[in-house]
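Note sheet for the following structure.
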Protein chains: 2
Amino acid sequence: MDDPLYFPPRELAVMSILWRTGGATVAEVKDALEENLAYTSVLSALQTLEEKGYVTHEAEGRAYRYRALVDAEKAGDSALARVRESIFQGSAEKLFAHFVSDDKLSRSELERMRRLLADRLGDEP
Amino acid sequence: MDDPLYFPPRELAVMSILWRTGGATVAEVKDALEENLAYTSVLSALQTLEEKGYVTHEAEGRAYRYRALVDAEKAGDSALARVRESIFQGSAEKLFAHFVSDDKLSRSELERMRRLLADRLGDEP
DNA sequence: GCCATACTACGGAAGAACCCGTAGACACGA
DNA sequence: TCGTGTCTACGGGTTCTTCCGTAGTATGGC
């Protein structure tokens, strides 16, 4: 097991952009962020993340391109485990039940989920 | 839509106990917490949560009994939405796929999930 | 060469989160 | 009555997070 891996809100937003893009410059991150932050604020966030070891950078022309060092899957593991544990009393089923009860899920999404679950059940004789 | 509802780690741990128990005194929260905090630290956390409006208290004997004012479902909504949005690129399916790929899920759990999903699909003709 | 532009490094302010000690109130038993 | 134990209120210290301004460096156009 690895350390629990936790990102405060703003840092998570930045990581999210790095995961989506696969790597981004400060300016790109700034543009992708919903809130309108100063350039240096974005830079600071990235430097903080780098200091923590979650991110690295390499020169690209005059600028740096930042890249995530932890992958989204790992972060997803930690986040879902935390949600399951603290909000759904440790029960994966409770989490699941709540997840699929979301009205905004389309029928086709639900059907693809059913398919996924069927596959998952099939692979374990 | 309500406000996004977010709890930093320690406060989430405290809320978790209130959700599980339905209400608890400071001493009970302290005992239930994994980390060994000073009594007053736990009290502080509860007072902070109360100030934010997530918690209330009523006298019970000489002590206060604290109770959550937001329910776990709402917190679950926010938490899952945040995870889906920032880690799984907004895709409920990606989240789901990752969720069911967890090795620690037992076959019976998975089967109960399948049932739940089937019911959910059935209720929408 | 000189200027504007784009970028990073650095430092620091302000607030949030976290943690606890001390003081005071209150009840109970000796 | 006099501790003793349990509880809350209050205040303060420390670290983390967020945010940005200033200064310095390099690049490319003129």
Side-chain angles (χ1 to χ4, degrees), chain A residues 3-18 21 23-68 70 75 78-79 82 86-87, chain B residues 3-18 21 23-68 70 75 78-79 82 86-87:
Chain A
D3 319 330
L5 206 51
Y6 164 80
F7 300 101
R10 176 71 65 213
E11 289 175 23
L12 180 60
V14 171
M15 290 302 293
S16 174
I17 291 161
L18 298 184
T21 59
T25 63
V26 180
E28 287 166 358
V29 172
K30 171 174 153 55
D31 288 346
L33 280 171
E34 305 221 343
E35 280 107 324
N36 227 47
L37 296 182
Y39 188 98
T40 50
S41 304
V42 179
L43 177 62
S44 290
L46 284 162
Q47 286 171 339
T48 299
L49 283 165
E50 184 161 34
E51 196 177 347
K52 295 183 184 173
Y54 298 138
V55 144
T56 187
H57 74 268
E58 52 194 11
E60 181 185 277
R62 297 209 279 133
Y64 290 164
R65 179 159 299 269
Y66 285 87
R67 189 167 51 80
V70 294
S78 288
R82 190 164 40 249
S86 53
I87 302 186
Chain B
D3 319 331
L5 205 52
Y6 164 79
F7 300 102
R10 175 70 66 211
E11 289 175 22
L12 181 59
V14 170
M15 290 302 292
S16 174
I17 291 161
L18 297 184
T21 59
T25 64
V26 179
E28 287 165 0
V29 172
K30 171 174 152 56
D31 288 346
L33 280 171
E34 304 223 342
E35 280 107 323
N36 228 47
L37 296 184
Y39 188 98
T40 50
S41 303
V42 178
L43 178 62
S44 290
L46 285 163
Q47 287 171 339
T48 300
L49 283 165
E50 185 161 34
E51 196 176 350
K52 294 183 183 173
Y54 298 138
V55 144
T56 188
H57 74 268
E58 52 194 12
E60 181 185 277
R62 296 210 277 134
Y64 290 165
R65 178 160 299 270
Y66 286 85
R67 189 168 52 80
V70 293
S78 289
R82 190 164 43 248
S86 53
I87 303 186

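Letters go in sequence order (proteins before strands), and every chain restarts at 1.
Between Glu60(B) atom CD and dT8(D) atom P the separation is 11 Å, expressed in whole Å. Whole-Å rounding puts the Glu35(B) CD to dC20(C) C1' distance at 15 Å. Rounded to whole Å, the distance from OH on Tyr6(B) to P on dG15(C) is 19 Å. The interatomic distance linking Glu11(A) (CD) with dT15(D) (P) rounds to 18 Å, in whole Å. In this structure, Asp31(A) places its CG atom 12 Å from P of dA6(C), rounding to the nearest Å. One atom, OH of Tyr54(A), and another, C1' of dC16(D), lie 13 Å apart when rounded to the nearest Å. Whole-Å rounding puts the Met15(B) CE to dC18(C) P distance at 13 Å. Atom-to-atom, CG of Leu49(A) to P of dC16(D) comes out at 14 Å; the value is rounded to the nearest Å.
Using a 4.0 Å cut-off, some side-chain N or O of Tyr64(B) falls inside it from OP1 or OP2 of dA9(D). In terms of phosphate contacts, Lys30(B) brings no side-chain nitrogen or oxygen within less than 4.0 Å of OP1 or OP2 of dC7(D).
Checked against His57(B) for a side-chain hydrogen bond (donor to acceptor under 3.5 Å, both in side chains), the options Glu50(B), Gln47(B), Arg65(B) give a single hit: Glu50(B).
A heavy atom closer than 4.0 Å to some atom of DNA chain D occurs in Leu37(A), Ala38(A), Thr40(A), Ser41(A), Ser44(A), these being the qualifying members of residues 37-48 of chain A.
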Go through the steps to decide whether Lys30(A) and Leu43(A) satisfy the test side chain to side chain contact (heavy atoms under 4.5 Å, CB included), and finish with yes or no. CA-CA 9 Å; Lys30(A) 171 174 153 55; Leu43(A) 177 62; over 6 Å; no
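Separation of atoms OG1 (Thr48(A)) and NZ (Lys52(A)) is listed at 6.5 Å; rounding is to 0.5 Å. Distance CD/Glu11(B) to CG/Leu46(B): 10.0 Å, rounded to 0.5 Å. Here the straight-line distance linking atom OG1 of Thr21(A) with atom CZ of Arg67(A) works out to 11.5 Å at 0.5 Å rounding.
Interface remark: the Arg62(B) side chain does not form any donor-acceptor pair with the dA27(C) base, using a distance-only criterion of under 3.5 Å. With hydrogens and angles ignored, no donor-acceptor pair closer than 3.5 Å exists between the side chain of Arg10(A) and the base of dT18(D).
Smallest separation of non-hydrogen atoms from Val14(A) and Ala45(A): CG2-CB, 4.1 Å. Counting all heavy atoms, side chain and backbone alike, Ile17(B) lies closest to Ala32(B) at CD1-CB, 3.7 Å.
Each of Val26(B) and Lys52(A) was assigned the nucleotide of DNA chain D with the nearest heavy atom; the assignment lying further toward the 5' end belongs to Val26(B).
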